[in-house]
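Working notes, structure below.
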Protein chains: 2
Amino acid sequence: MVSIPVLTLKRLPQYLELLQQFQREGQSHVSATRLAEITGVHVTQVRKDLALTGVVGVPKVGHKTAELIEAIKSFLNWNDSSSCFLVGAGHLGSALLGYQELSRKGLSIVAAFDTDPALSGTTVNGVKIYGLDRFANLCRRLHINIGILTVPSEHAQATAQMMIDNGIVAIWNFTPVHLDVPEGVIVENVDMSASLAVLSHRLAEKLHHETKVERSH
Amino acid sequence: MVSIPVLTLKRLPQYLELLQQFQREGQSHVSATRLAEITGVHVTQVRKDLALTGVVGVPKVGHKTAELIEAIKSFLNWNDSSSCFLVGAGHLGSALLGYQELSRKGLSIVAAFDTDPALSGTTVNGVKIYGLDRFANLCRRLHINIGILTVPSEHAQATAQMMIDNGIVAIWNFTPVHLDVPEGVIVENVDMSASLAVLSHRLAEKLHHETKVERSH
DNA sequence: AATTTATCGATATAAAAGTATCGAATAAGA
DNA sequence: TCTTATTCGATACTTTTATATCGATAAATT
């Protein structure tokens, strides 16, 4: 099997976002050239990325917008929705519960869990919040295999372990903690810190550089 | 000037997180070997990454934990705090306002803005929320140069433009929209979609593969 | 109908990132 | 004091990812 470059996978949603915008604007066709111009990704790269999803384009006109959207969605498995549990219904957790977009990306949060007894029994955006003691039972019964981890750092590893013990094989990790998991378990980190690190360093570099330029006048 | 690989920048916060944990546990020294074991990053890679921050280690004992922490923090400019504005105080916006960790990463949200008049005048975690009409004035007066973008997709580009028009040079973009900005403006995307794409595809691949294996028995 | 132009997709080259190897340095133990 | 084990840091190598080149194709134009 051909292994898909991670970076390609990460670019696909960006194309998808644009394509859906084009579709709303009524554009029936889009060329790789166009996508490249807007995203800043190199044309050849866009072509390679799209090629992996299996679509073929037509010279002079490009790709059918609708077809391309379908191809990307099905490639990412965003067409049929997967059920998942969310653990940690604090600020970030509630934000995700309220995030409508997720359903458009094939993810349906069917229940949330939190240690705080005050939250237990409440509902956020139609999703019910349970105490952690209910997790094991529900998780096994509903055959959930995706878990969203939005607990405080200190509970990250233990919570991840609980998920794994109850059959979860893919963890979407929003904590800055590196999770130690058995082979075969998929962990995907949403690394806000990583992103902030890039921003901070770039900005410091930029400001420092500008100061130097000013001084040299 | 030596340009820092983006991926190195992204790994640094991960090391930092671990190092701070080690420090709490009272470990005065950490070796690259140790960091590599835990993070899963190759030893040589860890060494290269650390080398870029300018620290030097001692054979047989490794690096001084405290020194390494300081080196990474100062390299990322996380020691002195930068003021920033947040626009879009919805679910995700409020989550960020309530996210204490940010201050430990050199980011201080000094004000938030939202179109919803109901939010105007309220306070989340000590941060006051204003109407968007106040943005221009406050932004210029306080010389803010970092903006956090947490508005709905359809307002992303326009809001970004407003930020730039008022002196913001670095945008931390939480929307899935690709922002079109003038040269020199730094955009850093927290790509939840990208991350979800990797998760979805990996999981689909894994499940598909397991099904095949089962069938072959 | 012939020509031009925009785009595709394949192949080849270049750059970047990751991995392996090796000598040097230093603490700990013989 | 000498040897051994561990870790560092530099250099060389490999793999991955990105960019460039080029012929082929199909719509638009002459």
Side-chain angles (χ1 to χ4, degrees), chain A residues 1-15 18-19 22 27-68 71-72 75 178 191 194 197-198 201-202, chain B residues 1-15 18-19 22 27-68 71-72 75 178 191 194 197-198 201-202:
Chain A
M1 189 175 57
V2 201
S3 116
I4 309 299
V6 179
L7 294 173
T8 294
L9 286 175
K10 292 196 172 185
R11 279 188 296 261
L12 289 175
Q14 197 186 341
Y15 303 145
L18 275 171
L19 289 165
F22 289 152
Q27 306 190 25
S28 63
H29 290 80
V30 187
S31 70
T33 320
R34 185 88 195 286
L35 287 174
E37 273 170 12
I38 301 177
T39 59
V41 178
H42 201 277
V43 206
T44 319
Q45 194 61 57
V46 175
R47 293 234 171 83
K48 277 192 179 176
D49 290 341
L50 298 184
L52 287 170
T53 69
V55 294
V56 287
V58 178
K60 188 81 179 180
V61 290
H63 303 262
K64 279 187 190 160
T65 312
E67 201 177 288
L68 204 42
I72 294 179
F75 186 76
H178 172 86
D191 230 328
V198 179
H201 187 269
R202 288 259 173 78
Chain B
M1 191 172 55
V2 201
S3 115
I4 309 300
V6 179
L7 294 173
T8 294
L9 286 175
K10 292 196 173 184
R11 280 186 296 261
L12 289 176
Q14 198 186 341
Y15 303 145
L18 276 170
L19 289 165
F22 288 153
Q27 306 191 25
S28 61
H29 290 80
V30 186
S31 69
T33 319
R34 184 88 194 286
L35 287 175
E37 273 169 12
I38 301 177
T39 58
V41 177
H42 200 280
V43 205
T44 320
Q45 194 60 59
V46 175
R47 294 234 170 84
K48 277 190 179 178
D49 289 342
L50 298 185
L52 286 171
T53 69
V55 294
V56 286
V58 178
K60 189 80 179 185
V61 289
H63 302 262
K64 279 187 189 160
T65 314
E67 202 176 289
L68 204 44
I72 294 179
F75 186 76
H178 172 86
D191 231 327
V198 179
H201 187 268
R202 289 258 173 79

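Only this structure's heavy atoms are used, side chains among them; waters, hydrogens and symmetry mates stay out. Source: prediction; values computed, not measured.
With rounding to whole Å, B:Leu68 atom CG is found 10 Å from D:dC8 atom P. Look at CG on B:Leu7: it is 10 Å from P on D:dA18, rounded to the nearest Å. Following rounding to the nearest Å, A:His29 (NE2) and D:dT25 (C1') show an atom-to-atom distance of 15 Å. What separates CD of A:Glu37 from C1' of C:dT7 is a distance of 12 Å, to the nearest Å. As a whole-Å value, the separation of A:Gln45 CD from D:dT21 C1' is 16 Å. Between the NE2 atom of B:His42 and the P atom of C:dA16 there is a distance of 22 Å, rounded to whole Å. Protein atom CG of A:Leu52 is 11 Å distant from nucleotide atom P of D:dA18, rounded to whole Å.
Atom CG of residue B:Asp191 and atom CZ of residue A:Arg11 lie 12.0 Å apart, to the nearest 0.5 angstrom. To the nearest 0.5 Å, the span separating CD1 on A:Ile72 from CD on A:Glu67 amounts to 11.5 Å. Interatomic distance, B:Gln45 CD to B:Thr39 OG1, rounded to the nearest 0.5 Å: 10.0 Å.
Nucleic acid contact class of A:Arg11 (heavy atoms, under 4.0 Å, all strands): sugar-phosphate only.
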Which dot-bracket string describes DNA chain D (Watson-Crick N1-N3 plus N6-O4 or O6-N4, or G-U N1-O2 and O6-N3, all under 3.5 Å; [ ] crossing; | other strand)?
-> ||||||||||||||||||||||||||||||
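In this structure, of D:dA18, D:dC8, D:dT25, it is D:dC8 that holds the atom nearest to the side chain of B:His63. Side chain of A:Lys48, nearest nucleotide from C:dC8, C:dA12, C:dT26: C:dA12. With D:dT17, D:dA18, C:dT7 as the candidates, the nucleotide lying closest to the side chain of A:Thr33 is C:dT7. In the set D:dA20, C:dT5, C:dT7, the nucleotide with an atom closest to the side chain of A:Thr44 is D:dA20. Each of C:dC8, D:dA27, C:dT26 was ranked by its minimum atom distance to the side chain of A:Ala32; first place goes to C:dC8. In this structure, of C:dT19, D:dA27, C:dC8, it is D:dA27 that holds the atom nearest to the side chain of A:Val61.
Residues B:Phe22 and B:Ile38 meet the side-chain proximity criterion, which asks for heavy atoms closer than 4.5 Å.
Each of A:Lys60 and B:Ser31 was matched to the nucleotide of DNA chain D holding its nearest heavy atom; the match closer to the 5' end belongs to B:Ser31.
For D:dA20, the OP1/OP2 oxygens have no side-chain nitrogen or oxygen of A:Arg47 closer than 4.0 Å.
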